[in-house]
There are 2 protein chains.
Amino acid sequence: MRLSEGVEWALHSCTTLALLPPDATLPAARLAEFHGVPPAYCAKHLQELRAAGIIESTAGRKGGYRLARLASEITFWDVVQAVESDTRAFRCTEIRQRGPTAIAKARYSPVCGIARVMYGAEQAWRRELEARTIQDAVDSIVRDADPQVAVKALRWFQEVLT
Amino acid sequence: MRLSEGVEWALHSCTTLALLPPDATLPAARLAEFHGVPPAYCAKHLQELRAAGIIESTAGRKGGYRLARLASEITFWDVVQAVESDTRAFRCTEIRQRGPTAIAKARYSPVCGIARVMYGAEQAWRRELEARTIQDAVDSIVRDADPQVAVKALRWFQEVLT
DNA sequence: GTCCCTATACTCGGATAGCAAGTGTCCGAGTATAGGCGG
DNA sequence: CCGCCTATACTCGGACACTTGCTATCCGAGTATAGGGAC
């Protein structure tokens with residue numbers, strides 16, 4: 001089981017955008033540079049975030065990305081769902097309906113008991129992600145980050161935003 | 001994000017083995033036949049369950065697999081962990097330590113705030129799976145299954161176990 | 001009738017191809033900007 | 001000096017190769033059984 005690496009990039013990208021002054025935009029290439037990841041591939045994931053309505057894009061010179069709504073209104077779940085094509089990890093193929101014991105499809109309970117447990121576990125996972133927002137990530141970074149990083153980041157932002 | 005299809009097979013296989021009379025064994029090929037899945041591939045997952053100490057194998061004629069311990073002592077988590085090579089879905093690559101804001105490694109907090117949230121969510125998922133056992137699956141099947149299936153299963157067991 | 005031996009058929013187990021999805025990259029279409037020109 | 005126009009450079013966005021890991025399969029090694037033979 002593997003979550004796409006893009007989820008990590010997307011979460012960090014949203015958090016970084018949340019740190020910018022209101023209405024400031026940051027191009028995909030700069031965002032990739034800030035995180036030290038391949039620009040083209042990073043851009044791909046930003047497009048997915050845009051398609052999901054989490055971030056907005058501005059074209060042309062001085063263009064770039066910015067959050068589409070408040071960081072406190074964007075949950076981790078929103079981001080994961082945007083990047084990951086299918087967030088349902090366990091997929092029941094109804095093997096209980098195959099083999100020598102198979103009977104008419106209508107006579108089976110609507111959901112397999114094993115699938116029910118797996119779905120329940122994933123729901124617990126989802127609930128945790130829905131309870132956390134990008135603002136929480138911003139807060140934890142502000143709280144935990146070394147002052148030296150804060151200075152470097154601020155300086156880099158000022159240089160890039162001109 | 002995708003959980004291996006083998007997880008479903010493994011869970012159903014364990015549940016089926018739990019339905020057998022004590023100390024009875026069932027060959028991999030029969031187990032695959034019962035679930036209508038490719039025998040060779042199914043056998044591969046059974047080997048993983050064996051390596052994890054969840055089921056036991058007996059070689060030679062009249063050999064096969066059986067549970068290594070009580071169904072109530074085997075959690076869903078045990079099975080998932082056995083089949084899935086790596087159960088950690090989110091993998092933090094520490095991109096916060098890359099790019100223009102990078103500083104000495106020792107000055108970073110031990111765990112990234114974003115990763116902490118993701119790990120927490122997975123822990124919630126894991127906890128749910130640890131709370132459910134194969135016995136629970138057996139109970140739900142006994143409760144929900146159509147009598148017709150029960151009859152067919154019993155008949156098939158008797159025929160196969162000779 | 002009982003015990004032992006041997007051949008057998010069946011089991012598991014690891015090593016080997018095939019395929020799909022995620023990973024990584026590129027170039028083209030579109031647009032806000034900046035400079036130059038005219039009034 | 002001010003406003004408009006045009007060329008430009010930069011942005012995003014979708015279409016195209018590559019690699020990793022899951023999917024699927026096979027054949028060989030090992031073993032408990034079943035039958036036959038000897039005592």
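No hydrogens, no waters, no symmetry mates; every other heavy atom, side chains included, goes into these values. Labels below follow one simple rule: chain letters A, B, ... track the order of the sequence lines, proteins then strands, and each chain is numbered from 1.
For Ser57(A) and dG13(D), the shortest distance from a side-chain N or O to OP1 or OP2 is below 4.0 Å. One finds a side-chain N or O of Arg50(A) lying less than 4.0 angstrom from the OP1 or OP2 phosphate oxygen of dG13(D). For dG22(C), one of the phosphate oxygens OP1 or OP2 lies less than 4.0 angstrom from a side-chain nitrogen or oxygen of Ser85(A). For dT23(D), one of the phosphate oxygens OP1 or OP2 lies less than 4.0 angstrom from a side-chain nitrogen or oxygen of Tyr41(B).
Residue Tyr65(A) has its side chain nearest to dG13(D) when only dG22(C), dT23(D), dG13(D) are considered. Listed candidates were dG21(D), dT33(D), dG24(C). Nearest to the side chain of Arg2(A) is dG21(D). Out of dT31(C), dC10(C), dG24(C), the shortest distance to the side chain of Arg61(B) is found at dC10(C). The side chain of Ser4(A) has dT23(C) as its nearest neighbour among dT25(D), dT23(C), dA34(D). Across dT25(D), dA24(D), dT25(C), the shortest atom-to-atom separation from the side chain of Pro38(B) is found for dT25(D). Proximity note for Ala40(A) (side chain, C-beta onward) versus dT25(C), dT25(D), dT33(C): the nearest is dT25(C).
Residue contacts shown for Ala28(A) are limited to sugar-phosphate atoms, with no base heavy atom under 4.0 Å away.
Toward the 5' end of DNA chain C, the nearer of the two residues Leu46(B) and Met1(B), judged by each one's closest nucleotide, is Leu46(B).
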Can you list the steps and then say if Ile74(B) with Thr133(B) is a side chain to side chain contact (heavy atoms under 4.5 Å, CB included)? CA-CA 5 Å; Ile74(B) 302 171; Thr133(B) 70; 5.8 Å; no
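With Glu122(A) contributing its side chain and Ala89(A) its backbone, the two residues share a donor-acceptor pair below 3.5 Å.
Side-chain polar atoms of Thr16(A) and His35(A) form a donor-acceptor pair below 3.5 angstrom.
Taken to the nearest 0.5 Å, the CZ atom of Arg88(B) stands 8.5 Å off from the CZ atom of Arg126(B).
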